[in-house]
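Notes follow once the structure below has been shown.
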Amino acid sequence: QVQLVESGGGLVQAGGSLRLSCAASGRGFSTYDIGWFRQAPGKGREFVAAIRWSGSTTYYADSMKGRVIISRDNTKNTGYLQMNSLKPEDTALYYCAADLNIMTLLSAPEKLVRYWGQGTQVTVSS
């Protein structure tokens, strides 16, 4: 029911900022919880942040608290991940995801998450 397309990635200097977008098509976007994940070469997919369908509750990985803000605009069918104070170790392919169960996103079982985007590359240079 939902298709997700990420955008906003690119090359930035350490300490810089990026805002990633996750544009959704199809019905039911506002009923889905949204998550952001990242995957570096040779590593597993790592949880970054999540937000409930209403936007009322947000969740962040400890490693990124204070540096990222997750948000959504249901009128635009779009989720966002604002990233600040970026570090070289933040370099990864960033994915957005959608699921009806927030716990699925928080536990990050890749094969159980209902919808995934194709990812957008974030590269942070030192």
Side-chain angles (χ1 to χ4, degrees):
Q1 290 187 305
V2 176
Q3 296 79 48
L4 307 174
V5 179
E6 302 94 335
S7 63
L11 174 64
V12 298
Q13 297 285 337
S17 299
L18 284 174
R19 189 183 72 165
L20 307 183
S21 297
C22 177
S25 61
R27 294 183 177 182
F29 175 78
S30 63
T31 70
Y32 284 83
D33 303 320
I34 301 297
W36 285 93
F37 300 80
R38 66 185 185 183
Q39 187 167 17
K43 296 184 178 180
R45 198 162 293 190
E46 177 188 14
F47 173 77
V48 174
I51 186 169
R52 296 297 302 274
W53 66 271
S54 66
S56 61
T57 309
T58 57
Y59 309 83
Y60 297 98
D62 288 341
S63 63
M64 305 196 77
K65 283 184 177 179
R67 299 194 298 121
V68 299
I69 300 173
I70 189 170
S71 62
R72 66 190 297 164
D73 186 344
N74 288 342
T75 67
K76 298 180 178 180
N77 287 347
T78 302
Y80 303 96
L81 184 71
Q82 177 69 44
M83 302 192 293
N84 304 310
S85 301
L86 286 166
K87 306 173 182 179
E89 51 262 44
D90 294 321
T91 295
L93 189 64
Y94 283 71
Y95 298 89
C96 64
D99 202 280
L100 291 171
N101 188 345
I102 187 65
M103 295 305 301
T104 302
L105 297 173
L106 296 178
S107 63
E110 182 176 346
K111 295 182 179 180
L112 295 181
V113 172
R114 188 173 295 265
Y115 299 111
W116 289 100
Q118 292 299 303
T120 184
Q121 179 67 39
V122 171
T123 302
V124 184
S125 62
S126 59

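Residues W36 and I70 meet the side-chain proximity criterion, which asks for heavy atoms closer than 4.5 Å. Side chains of I102 and R52 form a contact here, defined as non-hydrogen atoms less than 4.5 Å apart. Between L81 and V68 the shortest side-chain heavy-atom distance falls below 4.5 Å. The closest side-chain heavy-atom distance from V122 to M83 is below 4.5 Å.
Linking ILVMFWY side-chain heavy atoms closer than 4.5 Å, directly or via other members, places Y59 and V113 in a single hydrophobic cluster. Y80 and V5 fall into different hydrophobic clusters, where Ile, Leu, Val, Met, Phe, Trp and Tyr are joined by side-chain heavy atoms under 4.5 Å apart, directly or via other members. Connection of M103 to Y60 is not established within any shared hydrophobic cluster, with ILVMFWY side chains joined at heavy-atom distances below 4.5 Å, either directly or through further cluster members. Cluster annotation: I34 is connected to M64 through the hydrophobic network of ILVMFWY side chains, with a link wherever side-chain heavy atoms come within less than 4.5 Å. Cluster membership for L18 and I51, using ILVMFWY side-chain heavy atoms within less than 4.5 angstrom, is shared.
With W53 as the aromatic partner, R72 does not meet the cation-pi criteria of under 6.0 angstrom to the ring centre and within 45 degrees of the ring axis.
The side-chain contact (heavy atoms from CB on, under 4.5 Å) check on Q82 picks up S17, R19, I69, N84, with sequence neighbours excluded. For D90, the salt bridge (Lys or Arg N to Asp or Glu O under 4.0 Å) partners at least two apart in sequence or on another chain are R38, R67.
At least one donor-acceptor pair closer than 3.5 Å links the side chain of E6 to the backbone N or O of Q118. Listed for the S30 side chain is no donor-acceptor partner under 3.5 Å among the backbone atoms of N74. A donor-acceptor pair is defined here as one N or O able to donate and one able to accept, closer than 3.5 Å; no such pair exists between the side chain of T120 and the backbone of S7. Remark: the backbone N or O of K76 is paired with a side-chain donor or acceptor of T78 at under 3.5 angstrom.
Crowding of Q121 atom CD: a count of heavy atoms from other residues, nucleotides or ligands under 6.0 Å exceeding 12.
Clustering of Ile, Leu, Val, Met, Phe, Trp and Tyr side chains at separations under 4.5 Å leaves L112 isolated, with no partner residue.
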### Query
What do the steps show when you test F37 against Y95 for ring pair (Phe, Tyr, Trp, His ring centres under 6.0 Å), and what is the final call?
CA-CA 5 Å; F37 300 80; Y95 298 89; 8.6 Å; no

### Task
Any chance you could lay out the ring pair (Phe, Tyr, Trp, His ring centres under 6.0 Å) test for Y32 and Y115, step after step, and finish with the verdict?
CA-CA 10 Å; Y32 284 83; Y115 299 111; 5.6 Å; yes

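Separating the NZ atom in K111 from the OG1 atom in T104 is a distance of 15.5 Å, to the nearest 0.5 Å. For the atom pair CG (D33) and OG1 (T58), the distance works out to 12.0 Å, reported to the nearest 0.5 Å. Expressed to the nearest 0.5 Å, how far CD of E110 lies from CD of Q39 amounts to 6.0 Å. Rounding to the nearest 0.5 Å places CH2 of W116 at 10.5 Å from SG of C22.
Between S126 and A14, the shortest heavy-atom contact is CA-CB, 4.3 Å. Minimum interatomic distance between L4 and A24 (heavy atoms only, all atoms of both residues): CD2-CB, 3.8 Å. The minimum heavy-atom distance linking V124 with T91 is given by the pair N-OG1, 2.9 Å. Of all heavy-atom pairs spanning F29 and G79, the tightest one is CZ-N, 4.0 Å.
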